[in-house]
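Have a look at the structure below, then the notes.
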Number of protein chains: 2
Amino acid sequence: MQKLTSQRQAILNLINASNRHWDADEVARALVDTGASIGIATVYRGLSALESQGLIDSIQLADKKRYERAGKAHHDHMICTSCGRIEEFSHDTIESLQEAAAEKKGFKLTGHQLVMFGFCRKCTQELDA
Amino acid sequence: MQKLTSQRQAILNLINASNRHWDADEVARALVDTGASIGIATVYRGLSALESQGLIDSIQLADKKRYERAGKAHHDHMICTSCGRIEEFSHDTIESLQEAAAEKKGFKLTGHQLVMFGFCRKCTQELDA
DNA sequence: AAGATAATGATAACTGTTATCATTACATCC
DNA sequence: GGATGTAATGATAACAGTTATCATTATCTT
Ligand SMILES: [Mn+2]
Ligand SMILES: [Mn+2]
Ligand SMILES: [Zn+2]
Ligand SMILES: [Zn+2]
């Protein structure tokens, strides 16, 4: 991929302008809502092109892939199964212990994904009330 | 679910008899190969019924769900992206640091999944050779 | 043995995603 | 500026994994 078309520019701007974790459909709808014209296939291709340029990041959740802006330091995710809120966190010790665990098994790591599920503070309070 | 049918028994026996991580299709084919007659829908229903009984465990990978026998202690997974090998590991400190990270964000954890990707020892050697 | 209920299996339907392919937009060279 | 090669677009088909539908069958309880 070489051409940074107006569609891909629009996708990139949208994602860069927020801290959300977008799925392909949300991106498409948000762009169409601003009056842009973009096909869903173009969104999928654009997202994966932008990701392989390193311009955006992604996490693969159970059902679908979600994209977020790049440039933040590495982090993992905590997902509220009640309201869908996605919280980011990072923990250097966890990261290095992962490396250690891999080494112990003779694995050469290329990546990892740690996802934690539970209830965010707000949802916990609402459920307790 | 209350009825332990021959089909579900067969699924359970198959999974209990190995350390593999099975997807639905593999289970179906393995059972058909032994001469059993079982529909793919029944396999899906059986797997999820057995899981909610706690009789088998699962991990949700990017593309599909995989089932393994229950009863092993909690562990996470390391996957070789070259040969598909799935190695299990557990690390108490990582587990408790996860708890700590969640608490810091006000999250009440209900579960988590840590998957590491890379090259297993064998594949690393083959690639170096 | 009956009756109630849950499971089965073939298949349709659904979701997220990639492939196809004709058309369009860019960029480059003349 | 115009021809030409190349990559992107968009509508839509296809695909994988999974769940839903529904008539039929098996299992459990009395
Ligand atoms: Mn991490
Ligand atoms: Mn763990
Ligand atoms: Zn929440
Ligand atoms: Zn390997």
Side-chain angles (χ1 to χ4, degrees), chain A residues 1-15 20-53 55-68 77 79 81 84 86 113 115, chain B residues 1-15 20-53 55-68 77 79 81 84 86 113 115:
Chain A
M1 125 48 172
Q2 276 90 280
K3 300 184 179 168
L4 189 46
T5 60
S6 66
Q7 288 91 338
R8 291 185 182 181
Q9 194 59 256
I11 295 174
L12 184 55
N13 291 343
L14 178 71
I15 291 179
R20 292 184 45 184
H21 299 75
W22 302 80
D23 67 32
D25 218 59
E26 288 167 347
V27 169
R29 251 174 307 127
L31 292 181
V32 169
D33 283 356
T34 70
S37 156
I38 188 168
I40 184 67
T42 301
V43 172
Y44 275 104
R45 278 181 302 229
L47 287 169
S48 83
L50 291 168
E51 180 177 25
S52 53
Q53 316 268 89
L55 297 174
I56 57 178
D57 286 340
S58 77
I59 44 171
Q60 169 71 53
L61 300 187
D63 47 340
K64 58 177 69 154
K65 215 165 175 184
R66 288 188 170 272
Y67 294 85
E68 61 181 311
H77 297 87
I79 300 176
T81 50
I86 300 183
Q113 198 176 262
V115 183
Chain B
M1 135 30 180
Q2 275 92 277
K3 300 184 179 172
L4 189 45
T5 59
S6 66
Q7 287 91 337
R8 291 186 180 178
Q9 194 59 257
I11 295 173
L12 184 54
N13 290 342
L14 178 71
I15 291 179
R20 293 184 44 185
H21 298 75
W22 302 80
D23 68 31
D25 218 59
E26 288 168 347
V27 169
R29 252 175 304 126
L31 292 181
V32 168
D33 283 356
T34 70
S37 156
I38 188 169
I40 184 66
T42 301
V43 171
Y44 275 105
R45 278 180 302 226
L47 287 170
S48 83
L50 291 169
E51 181 177 23
S52 52
Q53 317 267 89
L55 298 173
I56 57 178
D57 285 340
S58 77
I59 43 172
Q60 169 71 53
L61 300 187
D63 48 340
K64 58 178 72 154
K65 214 165 176 182
R66 287 187 171 273
Y67 294 86
E68 60 182 312
H77 296 88
I79 300 176
T81 49
I86 300 181
Q113 196 175 262
V115 182

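Letters go in sequence order (proteins before strands), and every chain restarts at 1.
- The phosphate of C/dA6 has neither OP1 nor OP2 within less than 4.0 Å of any side-chain N or O from B/T5.
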| said: side chain to side chain donor-acceptor pair (under 3.5 Å) for B/Q7 and B/T42? Distances and angles first, verdict last. | reply: CA-CA 8 Å; B/Q7 287 91 337; B/T42 301; 5.9 Å; no
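- A/I40 places its CD1 atom 11 Å from the P atom of D/dA11, with the value rounded to the nearest Å.
- One finds a side-chain N or O of A/Y44 lying less than 4.0 angstrom from the OP1 or OP2 phosphate oxygen of C/dT17.
- Exactly one residue among B/K65, B/R45, B/R8 makes a salt bridge (charged side-chain N to carboxylate O under 4.0 Å, His left out) with B/E51. That residue is B/K65.
- Checking side-chain atoms of B/R66 against main-chain N and O of B/H21 turns up a donor-acceptor pair under 3.5 Å.
- Summarising the geometry, the separation between CG on B/L61 and C1' on D/dA16 is reported as 15 Å, rounded to the nearest angstrom.
- Taking atom CG of residue B/L4 and atom P of nucleotide D/dT27, one finds them 10 Å apart after rounding to whole Å.
- The pair A/E26-A/K64 does not meet the salt-bridge criterion, since no charged nitrogen lies less than 4.0 angstrom from a carboxylate oxygen.
- Atom OH of B/Y67 and atom P of D/dG17 are 13 Å apart (whole Å).
- When rounded to the nearest whole Å, the span between CG of B/L47 and C1' of D/dG17 equals 13 Å.
- A straight line from CZ of A/R45 to P of C/dC21 spans 14 Å, rounded to a whole angstrom.
- Contact check, A/Q7 against C/dA25: no side-chain N or O comes under 4.0 Å of OP1 or OP2.
- With A/S52 contributing its side chain and A/S48 its backbone, the two residues share a donor-acceptor pair below 3.5 Å.
- Using a 4.0 Å cut-off, some side-chain N or O of B/K64 falls inside it from OP1 or OP2 of D/dG17.
- Side-chain atoms of B/K3 come within donor-acceptor range of the base of C/dT5, with a qualifying N/O pair under 3.5 Å.
- Look at A/T42 and you'll find a side-chain N or O under 4.0 angstrom from OP1 or OP2 of D/dG10.
- Look at CD1 on A/I38: it is 17 Å from P on D/dT12, rounded to the nearest Å.
- At a threshold of 4.0 angstrom between heavy atoms, the contacts of A/D63 are confined to the sugar-phosphate backbone, with no base atom among them.
- The side chain of B/R8 places an N or O atom within less than 4.0 Å of a non-bridging phosphate oxygen (OP1 or OP2) of C/dA7.
- With rounding to whole Å, A/E51 atom CD is found 10 Å from C/dT18 atom P.
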